[in-house]
Structure formats: C-alpha cells, structure tokens
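What follows is a single structure, written as structure tokens, with notes after it.
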2 protein chains.
Amino acid sequence: MPAKRVTLADVAKRAGLSSAAASMILNGRPDTRLSKEAHERVHAAAAELGYRPNLAARGLRTDKTQTIGFVSDLVATTRFASGLITGALGAAEKASHVLLVTETGGDARRETDAIAALVDRQVDGIVFATMRARDLFIPDLPETTRVVLLNATNTRYPLSVLPDEEAGGRAAVDLLVAAGHRDGIVLLGQNDDVERELFRSSTISRRAAGIRAAMRAHGLEFASEESIWLWEPRNGYDATRALFERDPGVRALVCMNDRLAFGAYQALGDLGLRVPDDVSIVSFDNDELASYLRPGLTTIGLPHEEMGARAIELLLADGATPEGETLVDMPIVERASVAPPRA
Amino acid sequence: MPAKRVTLADVAKRAGLSSAAASMILNGRPDTRLSKEAHERVHAAAAELGYRPNLAARGLRTDKTQTIGFVSDLVATTRFASGLITGALGAAEKASHVLLVTETGGDARRETDAIAALVDRQVDGIVFATMRARDLFIPDLPETTRVVLLNATNTRYPLSVLPDEEAGGRAAVDLLVAAGHRDGIVLLGQNDDVERELFRSSTISRRAAGIRAAMRAHGLEFASEESIWLWEPRNGYDATRALFERDPGVRALVCMNDRLAFGAYQALGDLGLRVPDDVSIVSFDNDELASYLRPGLTTIGLPHEEMGARAIELLLADGATPEGETLVDMPIVERASVAPPRA
DNA sequence: TATGAGTGCTGAATCCATTTAGCACCGCCG
DNA sequence: CGGCGGTGCTAAATGGATTCAGCACTCATA
C-alpha cells in the first residue's frame with residue numbers, strides 16, 4: 001500500500017469525473033444515469049490505485065459503520081463465550097461487518113463504559129452476551145441502536161437468542177429411556193424441592209423443566225435428586241460418592257453439566273464401577289472434557305457457535321425480524337456413556 | 001440519551017463560545033489562553049447535555065481511532081486464544097481503547113480480508129495472535145500502522161510477545177529434581193531424534209530446549225523420550241500404556257502438555273498406578289483440566305492473559321519500546337502430582 | 001422554433017471535531 | 001498619542017465520502 005491513502009477524489013480525477021459520479025458508481029446505485037464508459041473508467045481507476053473507502057468518513061455521513069458491538073460478561077472463563085464470539089465473528093464476516101468486542105465481567109460500571117465506547121464509535125448494533133442467561137440490565141441507548149440478546153433476556157429488548165434447553169432436557173431423558181432405563185435414575189445437580197426459590201438462570205430452569213417433563217411423559221420418577229450448588233468436578237465427585245454409599249442401586253445419572261459428569265466418572269472409577277456397564281451417564285454442554293473422558297460422554301451440547309451466528313443475523317436482518325426468542329437446537333452428541341441397565 | 005446526538009457545536013452554543021474553544025477546552029490543550037470561566041461553562045454544558053464526541057469525526061481529522069485490531073487465527077478452539085483476548089481487552093480498556101477482533105482460521109485469504117477491514121476502519125495498530133507460534137505471514141500494511149505479534153514472530157515486524165518457554169522448560173525439570181527424582185524420568189510428547197526435522201512451532205522447540213538444558217545441568221538423562229504427533233488425551237493414554245508395558249521402572253513423566261498428562265492419568269489409573277505415589281507428573285499449559293484432575297496436576301502455565309495485556313501495552317507505548325521479543329514468565333503452578341520417588 | 005423530456009454529469013452542502021491563522025481589545029510605555 | 005505586546009477568543013479550512021438540486025446538452029414533438 002502506498003504511503004498516502006488513496007481517496008475517492010483521486011479515483012475520480014483519474015477517471016476524469018467528479019467524485020459524486022465516482023461515489024455513485026462504486027456504490028452501485030441503481031437509478032443512476034451514468035454511462036457504461038464512466039462505470040468502466042471508475043472501476044479501472046479504483047483498481048489501479050488500490051482505492052479503499054475511508055469508513056470513518058463514510059460513517060460520518062451515513063451513520064453506518066459496518067461495525068457491531070459485542071458486549072460479553074466473560075470471554076475467558078468458559079469456552080462457551082469464545083464459541084459465541086467465534087460464531088458471531090463468522091456471521092459478521094459473511095456480512096462484511098466487523099466486531100468490536102468488549103468484556104464487562106458482569107460489572108455494571110464496566111458495562112456502562114463499554115456501551116459508551118461502542119456508541120461513541122457509532123456501532124450499527126449491539127449484541128449482549130452473557131454466560132449465565134439472566135435478565136440483563138442494559139443502560140440507555142440511542143433509540144436507533146439495534147440490540148440482540150445472546151443467552152439472555154430483557155424486557156425492553158425483545159430480540160434474543162437462546163438454546164432450546166427445554167427440548168435438550170427432554171432429549172437427555174429420552175436417551176436413557178430408549179436404552180431401557182426405568183428405575184434407579186438420579187438427577188445430579190438439581191433438586192427442585194430445595195432450589196425452588198433459587199435463582200440459577202432462566203435457561204437452567206428450562207433445562208430442568210424439560211428433564212422433568214420427559215420423565216413424566218414416560219411415567220417415571222427420579223430415584224433421587226441431588227442438589228449441588230457449584231457445578232464443578234469436585235462437587236460432582238463428592239455427590240456421587242455420597243450417593244452410591246447411600247444407594248448402590250443407582251443405574252443412571254442425568255448430570256446437569258459435563259463438569260459434574262466428569263466428577264462422577266472419577267468417583268465411579270474410585271468405587272470400582274464402570275461406565276456404562278454399571279451406570280449410564282447423560283449430561284449437558286458438550287464441554288471439551290466430554291470427548292476426553294473414557295468412555296466418551298454422551299451429552300446434550302450447547303450450540304455456541306450457531307447461537308453467536310444467529311444473533312448477528314438477527315441484528316443485521318432488517319425488516320422481517322422474528323420477534324421474541326429464537327431458540328437454537330441443542331445437538332445430541334452420543335458417545336459411549338449410555339448402555340442398557342445391568343440386569 | 002436524547003434522540004439527536006449532541007454535537008460539539010451544541011455544547012459551544014450553550015456555553016456561549018465557538019466550537020473551537022469548546023474543542024480545546026474539552027481536550028485539555030495545555031497552551032491555550034482561554035479563561036477559567038470559559039472552561040467551567042464548557043464543562044458544565046457538556047455535562048448537562050451529555051455530550052460525547054463523535055469518534056468517527058475525530059478520527060477523520062486526527063487519524064487516531066482509539067481502536068486496535070486483533071487478528072487471531074483461532075479464538076474458539078483453545079482457551080489459550082480467549083485468554084489472550086481477555087488480557088488484551090483488559091489492557092485496552094485501561095487505555096480507553098477498544099478491540100476490533102477478527103478470526104482468520106489461519107487462512108491467508110481471510111487474513112488479508114481481515115486486515116483490509118481493519119485498515120479501512122483506521123485502527124491505530126494491529127496485534128497478530130496465533131495459537132501455534134510460528135513465523136507469521138503478514139500482508140502489506142500502511143507504514144504508519146503499528147504491529148505487535150502475539151505468540152508469533154515475523155522478520156519484518158520485530159515487536160513480539162512470547163511465553164518464556166525456555167525458562168518454563170527448565171522449571172518443570174527442576175521441580176522433579178527438587179523432589180528427588182534422578183532416574184526413570186521420561187519425556188512424553190517429544191523426541192528430538194525423531195522430530196529434528198519436524199516443524200512444531202518455535203515456542204515448543206524452546207520448551208524442549210529448556211527441558212533438555214535443565215536435564216544436562218543436573219547431569220541427568222531421560223530414561224526415554226516418547227514422540228507423539230498429536231497432543232491429545234487419547235494419545236497420551238496410548239503412549240503411557242505402551243511405555244509402562246515396556247518399562248515398569250518409570251518414576252516420573254514430563255508431559256509436553258496437560259492433555260497428554262490427562263491421558264497419562266487415565267492410563268496410570270487403568271494400570272493400577274497412583275499419582276504421585278507411584279509416578280510423578282509435571283506438565284505444561286495449566287489447562288482448565290489440570291485443576292480438575294485428581295490429584296491436581298502440577299504444571300507450568302501459559303500466561304495467556306498477561307501476554308495479551310503486554311501486547312497491547314507494547315502497541316500503545318510510543319517512544320521507549322523494547323525492541324524485539326518480550327518474554328513473559330510462565331507461572332509454576334504446583335498442585336499435587338509431584339512427590340519423592342518411591343524407594 | 002419554441003417546448004418538453006430525457007440523458008449524463010457536476011457543484012456544493014453535509015456529517016462533526018480539530019486546528020491554524022489571526023481579529024479585537026486592553027493596558028502600558030515612551 | 002501612536003505603537004507594542006499580551007489576552008481571549010473566533011472564522012474558516014480540513015479530513016473523505018455521500019447526496020440533493022440542478023446545469024448543459026440532445027433529440028423529438030407540436
């Protein structure tokens with residue numbers, strides 16, 4: 001690239017036309033009456049000079065920047081967030097847009113600052129993503145700013161993209177039932193009696209609702225429900241050990257997430273029990289972990305990337321926007337942790 | 001926020017001054033001779049109206065956008081990339097900058113497009129990050145664009161940020177030696193005889209070099225070196241089983257990464273061997289996994305976040321820039337996988 | 001031969017903040 | 001009283017693209 005930026009005026013001059021004409025031609029305006037020759041000359045000149053429009057100047061005039069703000073509470077911690085970003089990045093790229101990414105740590109002040117920074121840069125729209133789907137607080141925004149919520153909901157902004165947790169929950173149970181399980185099924189992580197008042201997050205309650213609906217539909221009941229506050233491997237381990245000491249007849253585990261399942265694997269190993277011969281396991285998230293486990297963990301995946309992509313598509317789709325929630329299917333990834341119950 | 005954007009002219013009018021004066025005051029220009037009253041009136045007006053400068057307009061004039069491009073080959077796959085981004089995001093936020101993030105998948109064409117998109121938006125600088133530190137290809141850029149490489153090197157752009165793998169490699173071996181290991185130490189993942197010609201990545205070869213240097217310094221030799229092409233748990237599992245079938249006298253494993261170590265844990269478990277009583281393990285990366293393992297894996301961490309932050313700091317530091325490579329210390333995270341060798 | 005429609009294009013305003021050159025005024029000195 | 005230096009501020013240009021209003025022509029029609 002040359003030292004001096006090539007401007008539209010340079011292109012116009014080389015083509016022997018006004019910059020007005022050059023602008024219209026390069027933007028492919030339909031109703032213009034410029035000659036074929038003019039078109040050719042301008043395009044040739046632009047190509048020869050390596051012209052690239054200055055988007056700051058264009059943005060100043062048109063109030064469109066081809067830039068989308070992506071506000072996330074956490075990108076580092078979970079792979080979930082980076083999946084969302086990757087999906088969003090891909091969709092944005094397809095639409096020749098670019099993503100201004102910010103991270104707020106869930107802190108209201110940082111969130112306000114981040115939004116100000118984005119608005120100052122005239123983003124065309126903002127995607128708010130959160131890791132623990134909740135009703136998100138959103139500061140005031142210019143009315144023209146389009147907003148899509150990703151893994152979150154908000155009363156003021158109706159457009160949101162969520163995983164279809166209800167269906168996912170049902171799928172998990174169906175998997176077990178299809179393998180022949182009816183008794184000794186335990187729900188690991190959630191206990192509605194204990195947690196009725198607890199705010200976990202709206203998507204998690206849908207997951208639980210789906211699980212319960214499927215159990216009812218099959219006329220089954222959980223042998224027990226284990227409430228676990230923190231869904232980390234260590235807690236899954238402890239809960240599983242305690243569970244089997246109390247009730248050795250457990251044949252299947254529905255784990256609320258893969259980390260819990262990972263802990264369960266470890267506990268089962270220490271107890272001399274084998275997956276899936278002695279106990280079957282289904283879980284949620286399709287964490288990286290799930291593929292590392294031996295045998296592979298069957299899990300209902302969180303469709304991060306597709307969700308990210310959908311959010312951008314929704315943001316960019318003008319006109320026919322599907323109001324309300326967009327539910328994205330959770331993929332059922334069957335590995336090797338489910339088998340018929342031992343006789 | 002009001003429907004119409006507040007412009008500098010609005011502020012100036014309300015303060016009873018010209019926009020030139022308002023601009024100077026709001027930007028805190030030092031040598032200006034405007035009165036104290038003028039300062040107060042302008043600041044008051046700006047506050048009352050909620051004035052926010054239009055950065056597109058400013059950028060057009062000043063060629064500074066307070067925006068940094070972050071080009072990464074992969075953000076989704078490894079947590080490594082998101083750590084880099086998080087670190088970069090934090091440092092950028094401190095400096096009131098914002099990050100335009102793009103992902104290229106390592107594809108040259110997407111890379112070129114991404115850079116064009118960033119240059120079009122007049123970014124102040126670009127950070128190129130790659131997951132597998134390599135000599136990165138970078139298309140032509142305007143001469144004024146500052147560039148920092150993150151986990152990569154390039155002959156044309158000397159500024160780069162890398163983990164101090166050589167020191168990290170030495171630290172891993174030192175840990176084992178300090179616990180009393182001298183014999184039966186195996187290097188899992190790398191075999192210089194086999195891989196001499198193989199291009200893995202420049203940082204990995206430094207890691208290996210550090211490991212070897214420390215062994216030499218202690219007057220030790222590996223009982224064996226296992227070459228593994230893909231550093232995934234499955235491969236670590238297979239290699240470890242084969243290793244112990246061949247040589248049951250192995251007392252310690254230096255794993256080239258945590259996923260390999262994870263596989264080794266699984267294999268050891270299946271073989272009835274315990275970590276760290278029967279065999280000690282040190283590894284690299286401080287993957288999320290490492291904390292999930294039982295007992296916790298002692299590992300030399302990749303300082304993602306600090307690296308990301310340093311890259312931004314380097315980019316923004318004008319003047320006294322440390323030419324060349326900035327090496328970031330790898331944290332030694334001691335958990336429970338190293339113990340004195342069994343007698 | 002005006003009149004009108006159509007064709008191909010341009011001039012100038014506009015978006016908003018920054019910045020340079022310089023105006024108007026004051027008090028003071030010789 | 002003329003001139004000089006300092007003080008406090010403003011007009012206008014600038015950056016680059018978009019866009020509206022309209023100019024200068026040609027050709028056909030009444």
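These numbers come from a predicted model, not from an experiment.
Every side chain to side chain donor-acceptor pair (under 3.5 Å) that A:Arg110 has, sequence neighbours left out, goes to B:Glu93. The side chain to side chain donor-acceptor pair (under 3.5 Å) test applied to A:Ser160 returns no partner, not counting sequence neighbours. Under the rule for a side chain to side chain donor-acceptor pair (under 3.5 Å), A:Asp164 has no partner lying at least two apart in sequence or in another chain. Under the salt bridge (Lys or Arg N to Asp or Glu O under 4.0 Å) criterion, A:Glu313 pairs with no residue, sequence neighbours left out. The salt bridge (Lys or Arg N to Asp or Glu O under 4.0 Å) check on A:Asp329 picks up nothing, with sequence neighbours excluded. Not a single side chain to side chain donor-acceptor pair (under 3.5 Å) links A:Asp107 to another residue, sequence neighbours left out. Residues satisfying the side chain to side chain contact (heavy atoms under 4.5 Å, CB included) criterion with B:Ser35, sequence neighbours excluded, are B:Glu37, B:Ala38. Residues forming a salt bridge (Lys or Arg N to Asp or Glu O under 4.0 Å) with A:Arg310 (at least two apart in sequence, or on another chain): A:Glu306.
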Checklist entry - How does protein contact run along nucleotides 12-17 of chain D, one letter per nucleotide 5' to 3', with B for base contact, S for sugar-phosphate only, - for none, heavy atoms under 4.0 Å? => result --BBBB
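The bend of the helix from C:dT1-D:dA30 to C:dG30-D:dC1, defined by the angle between the axes of its first five and last five pairs, stands at 90° to the nearest 10°.
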Next on the checklist: Please evaluate residues B:Asn151 and B:Thr130 with respect to the criterion side-chain hydrogen bond (donor to acceptor under 3.5 Å, both in side chains), reporting the C-alpha separation (whole Å), side-chain torsions for both, the decisive distance (0.1 Å), and the verdict.
Outcome noted: CA-CA 6 Å; B:Asn151 205 41; B:Thr130 173; 5.9 Å; no
Sort me out a list of protein N/O and nucleotides 23-25 of chain D N/O pairs below 3.5 Å, or just none if empty.
none

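The pair B:Lys64-B:Asp124 fails the salt-bridge criterion, with no side-chain N (NZ, NE, NH1 or NH2) lying under 4.0 Å from an Asp/Glu carboxylate O.
Residues B:Arg121 and B:Thr67 have side chains that never bring a donor and an acceptor to within less than 3.5 angstrom of each other.
On the nucleic acid side, DNA chain C has its first and last nucleotide under 4.0 Å of a heavy atom of chain B at C:dC16 to C:dT20, going 5' to 3'.
Contact annotation: B:Ser35 side-chain N/O to D:dC9 OP1/OP2 distance is under 4.0 Å.
In terms of modelled atom types and a separation under 3.5 Å, the side chain of B:Asp10 and the main chain of B:Thr7 share a donor-acceptor contact. The backbone N or O of A:Gln122 sits less than 3.5 Å from a side-chain atom of A:Thr65, completing a donor-acceptor pair.
Nucleic acid contact for A:Ala22: none, since no nucleic acid atom lies under 4.0 Å from a heavy atom of the residue.
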